[in-house]
Amino acid sequence: MIKIPLTVVGAEKLKVELQRLKSVDRPSVIAAIAEARSHGDLSENAEYDAAKERQGFVEGRIAELEGKLSNSQVIDPRELATTAEGRVVFGATVELEDLEAGNKVAYQIVGDDEANLKDGKISVSSPIARALIGKYVGDVAEVVAPGGIREYEVLDVKYI
């Protein structure tokens with residue numbers, strides 16, 4: 001079975017969402033279904049249909065999160081820092097300079113479920129992350145992008 005890599009923060013967010021779904025959303029959906037049933041004829045009851053649809057979503061998301069968490073490998077980049085020492089690894093925050101444009105950016109390499117470009121978090125399976133893994137400060141990573149090959153110099157690596 002393939003393990004899904006997650007950072008400590010990402011795993012905690014999934015656990016919090018799972019707990020909310022089980023303790024808040026699931027009971028409220030059950031109550032909504034009971035309320036809709038009390039209105040009589042279910043064949044033309046839009047509230048009942050909406051509540052059942054919401055229940056399907058909640059139960060599906062619970063199953064999805066439980067599956068992800070049971071198949072996850074939680075990786076703490078601070079623990080890798082002792083062996084990585086300046087090397088780009090999963091969970092590391094990398095400061096880069098685009099050698100063509102001169103722009104500086106910083107990304108944290110995270111699991112697929114945690115990726116959010118607005119927050120500066122890129123998926124470990126993205127082209128840029130794959131090009132960066134294993135590089136050291138001062139190395140140049142070549143990233144195959146839709147517009148051609150882009151070169152990024154690794155300026156700094158942090159393990160937060």
Side-chain angles (χ1 to χ4, degrees), residues 1-30 50 52-160:
M1 178 153 303
I2 297 174
K3 291 287 187 184
I4 300 167
L6 287 173
T7 62
V8 175
V9 172
E12 190 56 38
K13 283 182 180 178
L14 292 181
K15 288 176 186 174
V16 167
E17 181 183 357
L18 180 61
Q19 182 61 33
R20 180 187 48 79
L21 286 167
K22 285 182 167 182
S23 64
V24 177
D25 293 1
R26 181 186 269 167
S28 71
V29 167
I30 291 169
K52 287 300 279 182
E53 187 175 318
R54 175 85 177 127
Q55 181 184 37
F57 171 79
V58 168
E59 294 301 328
R61 185 66 179 153
I62 287 171
E64 180 184 2
L65 291 175
E66 287 177 338
K68 285 179 181 178
L69 287 169
S70 68
N71 291 321
S72 68
Q73 178 181 2
V74 179
I75 300 170
D76 187 344
R78 293 170 297 198
E79 291 176 10
L80 297 175
T82 57
T83 58
E85 204 63 41
R87 186 167 55 111
V88 179
V89 294
F90 178 85
T93 300
V94 186
E95 185 180 339
L96 306 169
E97 180 177 358
D98 183 331
L99 295 180
E100 186 177 314
N103 300 343
K104 291 184 181 177
V105 293
Y107 297 121
Q108 181 182 18
I109 299 172
V110 297
D112 293 338
D113 292 319
E114 302 170 77
N116 184 339
L117 199 53
K118 290 180 191 173
D119 295 338
K121 296 181 178 197
I122 59 172
S123 168
V124 67
S125 58
S126 69
I128 190 164
R130 288 195 315 256
L132 290 170
I133 295 286
K135 299 286 191 238
Y136 289 88
V137 174
D139 286 352
V140 173
E142 289 186 354
V143 179
V144 179
I149 295 177
R150 311 252 343 192
E151 291 185 330
Y152 294 92
E153 181 180 351
V154 179
L155 301 176
D156 191 21
V157 179
K158 294 178 185 150
Y159 312 99
I160 301 171

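The distance from the CD atom of Gln55 to the NZ atom of Lys52 is 4.5 Å, given to the nearest 0.5 Å. Atom-to-atom distance recorded for Glu59:CD and Leu21:CG is 9.0 Å, nearest 0.5 angstrom. To the nearest 0.5 Å, the span separating NZ on Lys22 from CD on Glu66 amounts to 4.0 Å. From Ile62, atom CD1 reaches atom CD of Gln19 across 10.0 Å, with rounding to the nearest 0.5 Å.
The existence of a salt bridge linking Asp113 and Lys13 is excluded, since no basic side-chain nitrogen approaches an acidic carboxylate oxygen closer than 4.0 Å.
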Which donor-acceptor pairs under 3.5 Å do the side chains of residues 120-133 make with protein atoms, sequence neighbours left out?
from	atom 1	to	atom 2	distance (Å)
Ser123	OG	Asp112	OD1	2.3
Ser123	OG	Ser125	N	3.1
Ser123	OG	Ser125	OG	2.8
Ser125	OG	Asp112	OD1	2.8
Ser126	OG	Ser123	O	2.7
Ser126	OG	Ala129	N	3.3
Arg130	NH1	Ser125	O	2.5

Can you list, pair by pair, the side-chain donor-acceptor contacts under 3.5 Å of residues 89-97, counting residues two or more places apart and other chains?
none

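For residues 133-155, the set of pairs meeting the salt bridge (charged side-chain N to carboxylate O under 4.0 Å, His left out) definition, not counting sequence neighbours, comprises Asp98-Arg150.
Using modelled atom types, no side-chain atom of Gln73 and backbone atom of Lys3 make a donor-acceptor pair closer than 3.5 Å.
Under the side-chain hydrogen bond (donor to acceptor under 3.5 Å, both in side chains) criterion, Gln108 pairs with no residue, sequence neighbours left out. Residues satisfying the side-chain contact (heavy atoms from CB on, under 4.5 Å) criterion with Val74, sequence neighbours excluded, are Val8, Ala11, Ser72. Applying the side-chain hydrogen bond (donor to acceptor under 3.5 Å, both in side chains) criterion to Lys104, with sequence neighbours excluded, gives no partner residue.
Contact detail for Glu114 and Leu6: the closest heavy-atom pair is OE2-CA, 3.3 Å. Nearest heavy atom pair, residue Arg87 against residue Tyr136, reads CD-OH, 3.2 Å.
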